[in-house]
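Worksheet: one structure, shown below.
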Amino acid sequence: MLRLESLVKRYKTGDHALKGVDLEVPKGQVLALIGPSGAGKSTLIRCINRLVEPTSGAVYLSDVNVAAVSSGELRRLRRRMGMIFQEYALVERLTVMENVLSGRLGYVGFWRSWFRKFPPDDVAEAFRLLDRVGLMHMADKRADELSGGQRQRVGIARALIQNPDLLLVDEPTASLDPKTSRQIMRLICELCAERGLAAIINIHDVMLAQMFGQRIVGLQLGEIVYDGPPNGLTSEVLTRIYGEEDWEATIETVEEEEEDEVAEAGAAV
Amino acid sequence: MPVLEQNGRPVWKRRTTPQQWGRWLAWLVGIAIVAYSWHLISEKTIWFFVADAGTQAADMAERMVPPKWSYMEELWLPVWDTINIATLGTLIAVVLAFPIAFCAASNTSPHPLVRSVALFIIVSSRSINSLIWALMLVAIIGPGVFAGVIAIGLRSIGFCAKLLYEAIEEIDPTQVEAITATGASGTQRLAYGIVPQILPAFAGIAVFRWDINIRESTVLGLVGAGGIGLQLSSSINSLAWTQVSLILLVILATVAVSEWVSAKVRHAII
């Protein structure tokens, strides 16, 4: 569904952020991208929808090279890629509803969007999504009145109303507390499963990556150094991604939590 | 290097000795220039006139009281004109400043060439005082309120556009990024990503400029561009000091009211 071929990004400052990344993401797969700060995680997902222009290489979204299309075609391709941001990136002074509907901007002409005359189907879908993320009662609130977790839910609704095939998720939990982080990650993964969406989730929390990712890719200095299942993250692999550190605690906690979850699930059944 | 070593121990001083001497020298030169300039001014002043300034001021104040209240009937219309000049001028300026600001802001400008033109418009509008604009416009389109409106408008474009483009350059770029990522067009990016962010600044600037323009339009009449300045100039010329004092009071009241209104409006917006 998504295929990156020797993707390179070199910034004007000389930073070599991506050094020829090859990656293939099949339909419906939730991929967690981990790596230390500055490894190029944000650059990688921004190169996919060209918020950052790749220096060379190709990004195939169902066999169309995103990196090579004109700006008009790029707009149409961006509609198929929903993006969720670290600091939510909601338009603070617009209402929740306007923020969600802004996900339809790629489909609606300028004057309709200026006068907020979105098609009734879009508005109905916005209500459905707000209901799904549990914010129906907040539709008329201004975005800056919401808490962090609520804002991120609006961000998720905005990405989903695009009706995308792929979600690009950039550190969705970096500004959230541990409990909210898990709720948000769970919500994203549930929605991906419901709609059969592929997702690339940048995340620096290894535990969350292991809990929610179906596949883990480790990026270090612009190169993929690990690509495999969550339980393949051994102490040795984490050292390869992040560098020397005592990783035993991290790995153990995750295993315990997984056991807890299994136990909870068992109890529920 | 403020950290020095004395007797084997590090010592910290705010400045090194040469820096300290440099500062003393700079102060010395500065004071010498002030003293010399004072000397020049003093030579060209006729101290005989300055000596009785107190008596003159008291004399004028005496001739100014009591204000000629009956003159008020003739002032209502000029006051109304003055307010209209300020309001319409501000309106014109704000409408024109909006696109100019987008062309001048480095993050929204369509082309560097367009940006230089926009910046040139801003600088030229700002560098000419509204009284001078009015002087020229009275010559071009004749005396009256219209010349005043245009003068205020031309002078304010630069001010509004400059503050607005600074606000545009300070927006949060991730909000624009998020709108871009949805597949929005360039104009939609402006409408959804940028305009909501600068709207409070925009309203604040407009009201602030209106407040300034009320004050500026009170003097436009001096050069024949309408408003209460016309009455002020003719009263001064005919030495009708009781009328002058009334006009000054009226201007004071108008400015006070406009400041109050603008403070209220800005408070409500932000």
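Labels below follow one simple rule: chain letters A, B, ... track the order of the sequence lines, proteins then strands, and each chain is numbered from 1.
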Open item on the list: Heavy-atom pairs under 4.5 Å with chain B: which of A:Met81, A:Arg116, A:Arg80, A:Arg104 has the most?
Closed with: A:Arg116
TODO: Counting only heavy atoms closer than 4.5 Å, note whether A:Phe85 contacts chain B via side chain, backbone, both or neither.
DONE: side chain
Task: A:Arg158 side chain vs A:Ser102 backbone, donor-acceptor pair below 3.5 Å - done: no
Task: Among the listed options A:Met83, A:Glu98, A:Glu92, the residue most often paired with chain B at heavy-atom distances under 4.5 Å - done: A:Glu92
TODO: Identify the heavy atoms of A:Gly106 and A:Arg75 that sit nearest to each other, and give their distance.
DONE: O-NH2, 4.1 Å
TODO: Would you mind checking which part of A:Leu51 comes under 4.5 Å of any heavy atom in chain B, side chain (CB onward), backbone (N, CA, C, O), both or neither?
DONE: side chain
Task: Among A:Gly155, A:Ser113, A:Gly103, residue most engaged with chain B (heavy-atom pairs, under 4.5 Å) - done: A:Ser113
- [ ] For the residue pair B:Ser156 and B:Asn213, confirm or rule out a side-chain donor-acceptor distance under 3.5 Å.
- [x] yes
- [ ] Verify the distance criterion only: is there a donor paired with an acceptor across the side chains of A:Thr43 and A:Tyr11 at less than 3.5 Å?
- [x] yes
TODO: Specify whether B:Phe98 and B:Phe202 have parallel, tilted or perpendicular ring planes, treating 30° as the upper limit for parallel and 60° as the lower limit for perpendicular.
DONE: perpendicular
